[in-house]
Undergrad: 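Here it is, the structure, as structure tokens.
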Amino acid sequence: MSDFFSQVYEVVKLIPAGRVTSYGAIAAYLGSPGAARMVGWAMNASHHHPDFVPAHRVVNRNGLLTGKHHFDTPNVMKELLENEGLLFDDNDQILNFEERFWDPAKELSL
DNA sequence: CACCTGACGACCT
DNA sequence: TAGGTCGCCAGGT
């Protein structure tokens, strides 16, 4: 439960629908700013987790859907987010990303 | 056991 | 502006 992965899942599960956060923000929140890659790795292994982990709500720092190729089909991630009210430009980048950004360090502010 | 790779990101040419 | 390097941690070969 104190594993880095488990902590990542705990945070991701707290992301509200219609909001998104970044790999780096989660890593920083967990105290390992340089471990953003691990967050992505954790998402990749999220199927190993018993609970639902909204991996589609985690994007890179530009609001770009860099992980879309890891879903069943490349458009699933985008469609899930659109269902939650997010909009995208022609580059699969989230519009109004700053407004939609959910920073665990701030929102959860321990 | 050593080496490689990866859903990132900050920094440095 | 674009491209290369490095750190981060875990898991696969």
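In what follows, every heavy atom counts, from backbone to side chain, and hydrogens, waters and symmetry copies are set aside. Here is the naming used below: chain letters follow the sequence lines, and residue numbers restart at 1 for every chain. Please read these numbers as outputs of a predicted model, since none were measured by experiment.
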Undergrad: Considering only residues two or more places apart or on different chains, which pairs with a residue in residues 65-88 of chain A satisfy ring-ring contact (aromatic ring centres under 6.0 Å, His included)?
TA: none

Undergrad: Sequence neighbours excluded, which residues qualify as side-chain contact (heavy atoms from CB on, under 4.5 Å) partners of Lys68(A)?
TA: Leu65(A), Met77(A), Asp92(A)

Undergrad: Just list the side-chain donor-acceptor pairs under 3.5 Å for residues 16-26 of chain A, sequence neighbours left out, or say none.
TA:
from     : atom 1 : to        : atom 2 : distance (Å)
Arg19(A) : NE     : Arg100(A) : O      : 3.2
Arg19(A) : NH2    : Phe101(A) : O      : 2.9
Thr21(A) : OG1    : Trp102(A) : O      : 2.8
Ser22(A) : OG     : Ala25(A)  : N      : 3.0
Tyr23(A) : OH     : Val58(A)  : O      : 3.3

Undergrad: Return yes if some donor-acceptor pair links the side-chain N/O of Asn60(A) with the main-chain N/O of Asn62(A) below 3.5 Å, else return no.
TA: yes

Undergrad: According to the salt bridge (charged side-chain N to carboxylate O under 4.0 Å, His left out) rule, which pairs have a member within residues 26-42 of chain A, sequence neighbours left out?
TA: none

Undergrad: What integer number of Å spans the P atoms of dG4(C) and dT5(B)?
TA: 16 Å

Undergrad: For Ala27(A) versus Ala35(A), what's the shortest heavy-atom pair and its separation?
TA: CB-C, 3.7 Å

Undergrad: Please go through Leu64(A)'s hydrophobic cluster and name the other residues, only I, L, V, M, F, W, Y counting, with side-chain heavy atoms under 4.5 Å joining them.
TA: none

Undergrad: Which parts of residues 67-86 of chain A get close to DNA chain B, meaning a heavy atom less than 4.0 angstrom away?
TA: Gly67(A), His70(A), Phe71(A)

Undergrad: Find the distance Phe4(A):CZ to dG6(B):C1' and express it as a whole number of Å.
TA: 14 Å

Undergrad: Answer yes or no: is there a donor N or O on one side and an acceptor on the other, between the side chain of Tyr9(A) and the main chain of Met43(A), under 3.5 Å?
TA: no

Undergrad: First and last nucleotide of DNA chain C touching chain A, 5' to 3', heavy-atom cut-off 4.0 Å?
TA: dG7(C) to dG11(C)

Undergrad: Output all residues satisfying side-chain contact (heavy atoms from CB on, under 4.5 Å) with Asp89(A), sequence neighbours left out; order by chain, then residue number.
TA: Asn91(A), Gln93(A), Leu95(A)

Undergrad: Which residues pass the salt bridge (Lys or Arg N to Asp or Glu O under 4.0 Å) test with Glu84(A), sequence neighbours left out?
TA: Arg57(A)

Undergrad: Tabulate protein N/O versus nucleotide N/O from nucleotides 9-13 of chain B, keeping only pairs under 3.5 Å, one per line.
TA:
from   : atom 1 : to       : atom 2 : distance (Å)
dG9(B) : OP1    : Gly24(A) : N      : 3.4
dG9(B) : OP1    : Arg61(A) : N      : 3.1
dG9(B) : OP2    : Arg61(A) : N      : 2.9

Undergrad: Whole-Å distance between dT5(B) P and Met38(A) CE?
TA: 14 Å

Undergrad: For residues 42-53 of chain A, which residues have at least one heavy atom under 4.0 Å from DNA chain B?
TA: Met43(A), Asn44(A)

Undergrad: Could you list the residues that satisfy salt bridge (Lys or Arg N to Asp or Glu O under 4.0 Å) with Asp51(A), not counting sequence neighbours?
TA: Lys13(A)

Undergrad: In whole angstrom, what separates Trp41(A)'s CH2 from dC8(B)'s C1'?
TA: 14 Å

Undergrad: Taking C-beta and beyond as the side chain, do Leu14(A) and Pro104(A) meet within less than 4.5 Å on heavy atoms?
TA: no

Undergrad: Between Phe97(A) and Ile15(A), is there shared hydrophobic-cluster membership here, with clusters defined by ILVMFWY side-chain heavy atoms closer than 4.5 Å?
TA: no

Undergrad: Considering only the P atoms, how many Å lie between dC8(C) and dC1(B), rounded to the nearest integer?
TA: 22 Å

Undergrad: When the C1' atoms of dA2(C) and dA7(B) are considered, how many whole Å apart are they?
TA: 22 Å

